[in-house]
Amino acid sequence: MINIQDIRDTARDMLAKGEVRTVIGYRRGSRGMPAEPAFITSPEQADELIWDPTCYHNLSLYLVHDQKILAHLRKASGSPIAIVAKGCDARSIVVLLQEHYFKREDVYIIGVSCEGTGVLDERKLASQLNGVQPTLAAFDGDDYVFTTAEGEKRLPAREVMADRCLECRIPFPKEHNVVFGEDKTGRQLAEPFAALTRFEAQGTGERWDIWSHHFDRCMRCFACRSVCPMCYCDECVVDSITFPVTQQTSAAEKADRVRWIERSAMRSENITYLLTRAMHLAGRCTDCGECERACPVNIPIRMLNNKMEREAREKFGYEPGASIGGSSLVASFLDNDPGDFIR
Amino acid sequence: MEKILDKKRIDDWIAALNDWEVHAPALEDGIWTYKPVSGAARLDHPNTRQSPKGFTFPQREVYFSFEQIKGEPPKLTQILPKETRHVVFGVRPCDGKGVPRMDKVFTDHVEDTYYTTRRKNVAYVGLACNKPPSATCFCLSVGGSPVSTDGLDVQLTDLGDRYFVKAVTETGKALMKAAGSLLTEPAAADQKQVKQVHTEAVAYPQRKINDPDGAPAKLKVSFNSPLWDEMARACIGCGICTFLCPTCHCFDINDEVHSKAPLQGQRVRTWDNCQFPDFTMHSSGHNPRENTGARLRQRVNHKFQYFHENFGMHQCTGCGRCVSECPVGIDIVAVVNKVTENVG
Amino acid sequence: MTKKRTGVFVCHCGTNIAATVDVARVAKEMAGEDSVAFTKEYVYMCSEPGQESVVQAIKDNKLDSIVVTCCSPNLHEKTFRDNAKRAGINNFTCEIANIREQCSWVHNDKAKGTEKAIKISRSVVRRVNRNQPLESIAVNVTRRAMVIGGGIAGIQAALDIANAGVEVVLVEKQATIGGRMLQLSETFPTLDCSQCVLSPKMVELKRHPKVKLMTYSEVQELAGSVGNFRVKILKKPTFVDPDKCKLCDECTAVCPVVVPNEYEINLTTRRAIYIPYAQSIPASYTLDESTCLGLNPVVCGKCKDVCEADAINYDMRPETVTEDVGAIVVATGFDLYDQANMPEMGGGKVEDVLDGLQFERLCSASGATGGHILRPSDHKEPKNVVFIQCVGSRDPAKHCAYCSKICCMYTAKHAQLYKHHVPDGRAYVFYIDIRSGGKGYEEFVQRTMEDNDTLYLRGRVSRLYRHNGKVRVLGTDTLSGQNVEIDADMVVLALAMVPSKGTTEIAKILKIGRDKDGFLAEAHPKLRPVESVTGGIYLAGAAQAPKDIPETVAQAGAAAAKVIALLSQSTLSRPPLIAKVRPSHCTGCGMCVDACPFLAIRLENGKAIVNEALCEGCGSCSATCLRAAIDVKNVTQLQIFEMIEACLA
Amino acid sequence: MSEQQNYEPRVVAFLCKWCSSAGSDLAGVSRIQYPANATPITIPCTGAVSPMYILSAFNKGADGVLVSGCHIGDCHYIEGNFLARRKMHLIMELLEFIGVEPNRFRMSWVSAAEGAKFAQVITDFVDDLKPLGPQEKLKKAERA
């Protein structure tokens with residue numbers, strides 16, 4: 001069981017000593033139960049930090065933001081940033097380190113173990129609470145406890161936990177500077193890739209019916225991409241909402257961008273966008289599930305990434321975020337990679 | 001015109017609207033979405049995930065097609081929306097409020113043919129909120145009300161086993177007339193109950209913008225407030241807030257080329273979003289709104305200052321979608337309150 | 001980007017293209033492309049007037065780029081790029097659309113062929129529209145060559161190169177150079193002694209100041225490209241110092257290990273320490289590590305004890321040597337098709353059924369029998385010998401599809417040699433037909449038949465087996481239409497020539513292609529017969545296809561001439577189609593660094609940097625980069641994108 | 001039925017320059033006839049085939065996409081086809097996963113010597129594509 005005071009003390013201490021310039025963690029949000037990202041820069045603010053089942057955000061995204069801001073301001077990073085990271089978040093940081101996005105010494109990882117639970121899926125909770133609005137969520141052993149207008153409501157975490165947490169194999173941040181909570185690696189609340197396996201059992205036609213329905217619904221708000229720490233490209237190859245233009249960029253370079261897809265949110269374009277994203281996350285996605293959580297129209301985006309994750313694991317023996325050194329999945333190969341599909 | 005409709009007969013009314021394509025909220029994939037009605041319509045939704053603005057301002061609008069054979073002048077053919085008549089059931093008052101605001105944008109100075117063609121062919125049958133459907137509702141703070149009829153053609157009020165049906169516009173009357181004998185005259189008790197439901201609805205506690213009337217002036221002087229950057233620190237720059245918003249209307253125009261020789265394609269308008277980093281990117285690489293703070297300020301100021309200066313009303317209708325759906329908890333109510341808190 | 005002015009030149013190739021592609025329509029469709037300012041069709045674009053018209057059209061129409069829609073770029077890309085240069089525009093703005101090999105020759109439906117030709121041409125026009133003018137990259141040349149294989153092909157190539165003053169490294173897998181030719185007794189059609197003509201060349205090679213000889217060595221790895229190869233060679237230990245060895249032969253006398261002698265095609269045996277032939281170069285013994293009792297004085301050590309010259313050293317270890325060379329000749333030779341694949345011919349298990357090379361060793365004065373033809377089973381002179389041609393060759397259903405080319409001639413030679421040794425013997429030859437093209441070849445065969453009284457039977461042998469101490473051969477004489485049954489004392493099989501064991505591996509190491517039969521593939525069957533598809537690597541001898549000695553020597557000379565020509569230049573130009581980084585998009589993730597097979601990319605200040613000298617332009621980086629921050633020049637993602645579009649228009 | 005017989009699938013074939021493109025040249029030199037449905041795009045190496053090319057070809061209406069290169073171990077660039085094998089495996093799995101018919105994407109190894117094999121690969125691919133009919137799933141609708 002994590003005592004939030006430990007995290008606060010660590011944050012306060014490090015800020016007071018000037019060892020870090022910011023602590024990125026979670027705090028109470030203004031709109032009710034869900035936590036929100038907190039950027040703590042002074043020791044006095046440390047007590048704002050919280051740790052509860054709504055701390056679902058993968059905060060490593062803000063390490064990426066920080067690098068972008070520094071690059072924009074042409075500033076060196078100076079002292080490191082401390083970040084509260086769950087198992088999946090820490091693995092994201094490992095992938096970012098593997099891709100040289102920043103240096104290990106630029107980040108101080110305050111690891112938090114998800115222990116026997118994980119984070120909340122608000123959609124599951126809503127269906128359990130039948131319209132009652134919770135105002136606070138808390139961990140209590142293997143349960144979540146919710147504060148509502150109608151009193152306290154206790155639910156086994158397993159019933160309202162995010163699927164990815166149920167399926168998580170390593171709910172512990174192996175890469176860390178300091179870690180809180182017990183390492184419950186090996187706990188398995190649900191079969192990994194369970195939803196994926198169920199989905200795959202269907203025929204080609206059924207799979208297409210389901211996916212085409214979802215592809216039709218994508219609005220291309222790019223929340224999935226914007227919330228993803230791995231989608232750090234300055235310009236997305238498929239549909240850019242950011243152009244890295246510098247004084248050196250020639251007119252030809254500006255004009256000659258490949259238009260892989262149109263801006264129209266049509267099925268064909270949405271497919272190309274979403275499949276490209278899945279391909280580009282192959283071997284990089286650590287299944288933090290933020291893309292699926294952020295999606296305002298509930299497209300099961302995570303399943304695409306899961307599919308790639310399983311292929312990488314089962315066919316190529318590759319585990320994203322397992323180690324800082326070593327080549328990326330698609331930048332490497334093994335002599336005995338499967339080739340039966342090739343004629 | 002005020003009538004009573006037995007809840008069980010709503011499908012008969014919809015069936016009677018055979019000149020119209022009828023849409024109503026349906027629960028699909030865990031969210032409420034406007035769908036063409038097939039079978040029974042149930043208006044027991046809180047609010048739809050997306051606003052109904054797509055009926056007049058679709059995410060993709062084709063302006064015209066173009067064709068050019070090498071050496072010849074280009075040929076342009078305008079493509080106007082089909083003149084299909086749509087009626088949308090279950091529109092919440094906040095989204096109804098969005099309609100006149102969109103009208104202002106697309107018809108006030110310049111008439112946008114694409115918008116007006118769609119607008120004249122759509123009717124909204126609203127549904128008053130007996131209590132706020134979401135914890136993030138704040139219509140009362142922005143000149144709205146859970147029982148507002150603005151922008152609607154018909155207003156329904158849920159009276160348990162029946163709806164109180166009130167015509168707001170001539171189109172609304174026509175829709176009601178099409179129902180014929182399905183609509184009955186309200187009894188005095190009905191009138192009384194409606195009044196009571198409406199009173200209670202307005203009295204129901206909501207989240208509050210502390211000084212909505214003072215907001216335009218206060219925001220104006222807070223342009224350079226450091227709070228913008230602070231409040232936007234967590235912003236991820238996605239398009240959820242604007243795409244779900246009933247009044248966000250920014251768009252991008254692109255040519256979609258289908259063939260290069262001969263040149264063929266379409267010019268299309270698609271939704272755009274002021275929170276995307278490229279929204280104000282100049283081709284030089286300079287971006288006047290270069291960070292999330294500047295972009296959040298733009299959206300909030302547009303809702304609460306610029307629009308107000310132009311049209312004398314807040315653009316925000318208090319639906320709360322941008323608050324509830326923001327993946328990182330950016331909360332327009334909190335932002336306005338915080339930025340205006342200690343100003344004059 | 002200012003608009004391109006592209007010229008499109010549609011070649012009829014006589015009727016090769018025009019018969020199944022509507023060339024006029026291709027030209028018309030291309031004229032409709034935005035960037036196309038000029039189109040022309042012509043019957044033979046590669047002819048002198050055709051080429052001139054291209055040059056003229058470029059000048060007259062101020063074209064800045066051209067597309068020639070014709071045959072494979074392997075044939076005329078260089079031709080037309082040179083023309084582009086001659087006309088004053090950059091040669092890398094010229095591209096070829098292959099509408100012959102990839103279209104007109106493989107589709108006889110004119111409507112469909114035309115449609116496809118248009119798509120191919122259009123995609124290339126779109127590609128050229130984005131081609132950048134590029135300059136070739138000059139690289140220094142290493143003025144050294146390597147020859148792989150020390151048979152007659154390798155020896156000849158090495159001598160020719162060395163005599164031009166270029167240093168040569170000759171790498172031979174066996175303990176001696178000489179190869180297959182050293183195993184032959186006499187050669188057709190002159191019946192001169194094989195060793196007598198070869199040995200002087202071997203000695204010359206050994207003594208040549210420009211030749212570095214590496215026997216008992218194998219090529220392991222190749223890096224670099226034309227002009228600058230780096231070759232890793234494994235030098236296997238012989239455990240005998242050739243400088244000390246006095247060739248006294250005391251060691252073999254004491255060696256307790258007896259194994260089949262592969263140099264005598266297993267007709268005799270040798271010891272674990274041995275010398276392949278008396279004429280071996282280097283003239284030294286070799287201790288075969290795999291059969292020696294253990295290189296250990298405690299276990300055996302007899303040879304070391306007996307060696308007065310102290311030439312034997314058990315502590316020798318394999319050594320890896322790196323050689324830098326500018327060009328390579330591959331002359332790895334042939335083996336015979338394995339008899340085990342031919343159960344109808346006894347599968348190699350019937351006594352007194354020999355292959356051609358074994359028969360050569362029987363005839364050879366240096367062979368096991370001292371030049372007497374004695375059959376292996378009982379060492380008696382065979383009185384009836386059956387020679388069978390086309391064994392394993394010309395049999396696409398079961399064995400090798402190709403004609404092994406030299407078997408008609410060497411069988412005739414074998415028959416003559418037999419008759420010379422055993423004048424009262426009877427020689428039979430089973431043949432399908434006689435292929436005796438070559439100077440003096442037909443006359444030689446006729447002499448075999450007439451002067452040497454050899455019975456030629458036209459037909460195949462269906463079966464052979466031991467019967468009453470003889471080999472019973474069952475065959476058909478298709479001329480008389482009768483079955484033939486011969487009880488032979490000895491049978492000689494003219495087995496098909498196949499690429500030598502290890503050809504597959506060497507081809508892989510060198511990245512040169514093999515043809516469908518496994519022989520090393522030439523770059524073009526007619527116009528580039530001694531070049532491999534890889535620049536700077538040349539082919540000689542039977543590794544490329546079955547051939548006889550004169551042909552082998554000629555090809556070796558040709559390969560040597562190519563090497564000398566290549567290395568006579570002080571610099572070479574490399575195609576500039578190499579990777580280029582867009583620093584604005586590069587985040588320095590390093591995935592391209594990992595993907596690059598040539599270690600040509602490194603990270604510097606958080607951005608990828610391409611080493612232009614190492615980059616080969618394969619594009620693995622660009623397909624791996626997630627943010628399109630690296631592209632191969634003139635094969636950019638934008639270009640491929642537009643080509644895809646053109647293919648589906 | 002007759003419509004299906006008349007239907008001609010449109011295939012984009014990415015051929016590596018050294019093996020499969022040379023193999024297709026050999027098919028030409030040998031005059032081996034095969035269906036004209038596949039338009040070749042020659043690329044330096046299969047390792048240069050970005051998954052984007054495959055998605056893009058389907059987006060632009062290809063009924064089938066072929067990627068063909070050197071046999072494993074024969075890559076002119078040493079290991080480009082190893083990298084390609086992994087990438088193409090992933091994109092193939094992904095396409096199948098969302099319900100694209102497996103026969104729409106194909107990869108083959110065709111060496112410079114395998115002219116007949118090249119012709120066979122194209123023939124088989126076109127035969128397998130015909131029963132599937134036009135590819136509409138990923139294709140950009142021209143008018144919407």
Side-chain angles (χ1 to χ4, degrees), chain A residues 196 199-200 202-212 214-215 237-238 258-262 264-276 278-280 282-283 303-308 310-312 314-316 318 327 329-343, chain D residues 46-47 50-61 66-69 71-73 79-110 117 120-121 124-125 128 132 135-144:
Chain A
L196 181 68
F199 181 81
E200 280 198 303
Q202 302 173 94
T204 304
E206 286 81 13
R207 292 202 303 274
W208 171 250
D209 289 344
I210 292 167
W211 273 114
S212 61
H214 292 310
F215 292 139
V237 290
V238 206
V258 189
R259 212 148 107 183
W260 297 111
I261 60 170
E262 300 294 352
S264 295
M266 301 186 293
R267 184 211 282 165
S268 60
E269 312 308 283
N270 301 346
I271 290 176
T272 310
Y273 163 63
L274 286 164
L275 293 196
T276 301
M279 279 303 294
H280 282 188
M303 198 150 47
L304 293 174
N305 300 328
N306 255 207
K307 168 69 183 165
M308 293 288 93
R310 194 173 68 183
E311 287 301 313
E314 292 180 356
K315 306 286 174 46
F316 308 122
Y318 190 92
S327 293
L329 175 72
V330 294
S332 58
F333 62 86
L334 295 173
D335 287 348
N336 57 357
D337 278 352
D340 300 345
F341 66 101
I342 303 166
R343 307 250 173 156
Chain D
T46 47
S50 161
M52 296 300 307
Y53 296 170
I54 289 137
L55 293 174
S56 189
F58 284 126
N59 179 272
K60 294 176 200 315
L66 172 74
V67 175
S68 188
H71 288 271
I72 282 296
E79 50 194 41
N81 54 359
F82 280 101
L83 290 161
R85 180 170 66 178
R86 197 173 257 206
K87 282 198 199 80
M88 295 303 113
H89 176 94
L90 290 171
I91 186 78
M92 177 192 73
E93 286 288 338
L94 193 56
L95 287 167
E96 284 190 38
F97 180 69
I98 64 154
V100 175
E101 300 85 348
N103 269 338
R104 295 227 183 255
F105 173 75
R106 189 155 291 180
M107 190 172 191
S108 63
W109 302 137
V110 173
K117 182 177 177 187
Q120 197 59 49
V121 164
D124 291 349
F125 195 17
D128 291 345
L132 299 181
Q135 186 274 121
E136 306 282 0
K137 291 179 177 173
L138 279 65
K139 186 184 175 189
K140 195 194 301 281
E142 294 215 344
R143 299 194 189 278

>> The test is side chain to side chain contact (heavy atoms under 4.5 Å, CB included); show your working for D/R85 and A/F333 and say whether it passes.
In response: CA-CA 8 Å; D/R85 180 170 66 178; A/F333 62 86; 5.5 Å; no
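- To the nearest 0.5 angstrom, A/S264 atom OG is 8.5 Å from D/K140 atom NZ.
- Of the listed residues A/I342, A/T204, A/I210, the one with more heavy-atom pairs under 4.5 angstrom with chain D than any other is A/I342.
- Atoms NZ and CD1, from D/K139 and A/I271 in turn, are 13.5 Å apart once rounded to the nearest 0.5 Å.
- Both the backbone and the side chain of A/T272 come within contact range of chain D, judged by heavy atoms closer than 4.5 Å.
- For A/D340, no part lies near chain D; criterion is any non-hydrogen pair under 4.5 Å.
- Separation of atoms OH (A/Y273) and CG (D/N59) is listed at 15.5 Å; rounding is to 0.5 Å.
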>> Please determine whether side chain to side chain contact (heavy atoms under 4.5 Å, CB included) holds for the pair A/F341 and D/E93, giving the CA-CA distance in whole Å, both sets of side-chain angles, and the decisive distance to 0.1 Å.
In response: CA-CA 10 Å; A/F341 66 101; D/E93 286 288 338; over 6 Å; no
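- Taking A/G339, A/P338, A/G203, A/S332 one by one and counting their heavy-atom pairs under 4.5 Å with chain D, the maximum is reached by A/S332.
- Residue A/N270: no heavy atom, backbone or side chain, is found under 4.5 Å from chain D.
- The distance from the CZ atom of A/R343 to the CG atom of D/L66 is 10.0 Å, given to the nearest 0.5 Å.
- Judged purely by atom type and a 3.5 angstrom limit, D/R86 has no side-chain atom pairing as donor or acceptor with the backbone of A/V330.
- Using a 4.5 Å cut-off between heavy atoms, A/Q202 does not touch chain D at all.
- Of the listed residues (D/V121, D/V67, D/I91, D/V100), the greatest number of heavy-atom pairs within a distance under 4.5 Å of chain A belongs to D/I91.
- Residues that satisfy the salt bridge (charged side-chain N to carboxylate O under 4.0 Å, His left out) test with D/D128, not counting sequence neighbours, are D/R106.
- Heavy atoms closer than 4.5 Å to chain A are found in both the backbone and the side chain of D/E79.
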> Can you check side chain to side chain contact (heavy atoms under 4.5 Å, CB included) on A/M279 and D/L94, steps first, answer last?
Replying inline: CA-CA 8 Å; A/M279 279 303 294; D/L94 193 56; 3.9 Å; yes
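- Between the CG atom of A/L329 and the CG atom of D/L90 there is a distance of 5.5 Å, given to the nearest 0.5 Å.
- Heavy-atom distances place both the backbone and the side chain of A/L275 under 4.5 Å from chain D.
- Relative orientation of the D/Y53 and A/W260 rings is tilted, given thresholds of 30° and 60° on the angle between their planes.
- D/L55 places none of its side-chain heavy atoms less than 4.5 Å from the side chain of A/I261.
- For the atom pair OG (A/S268) and CD (D/E136), the distance works out to 11.0 Å, reported to the nearest 0.5 Å.
- Between D/H89 and A/F316, the ring planes lie perpendicular to each other; the angle is over 60°, past the 30° to 60° tilted range.
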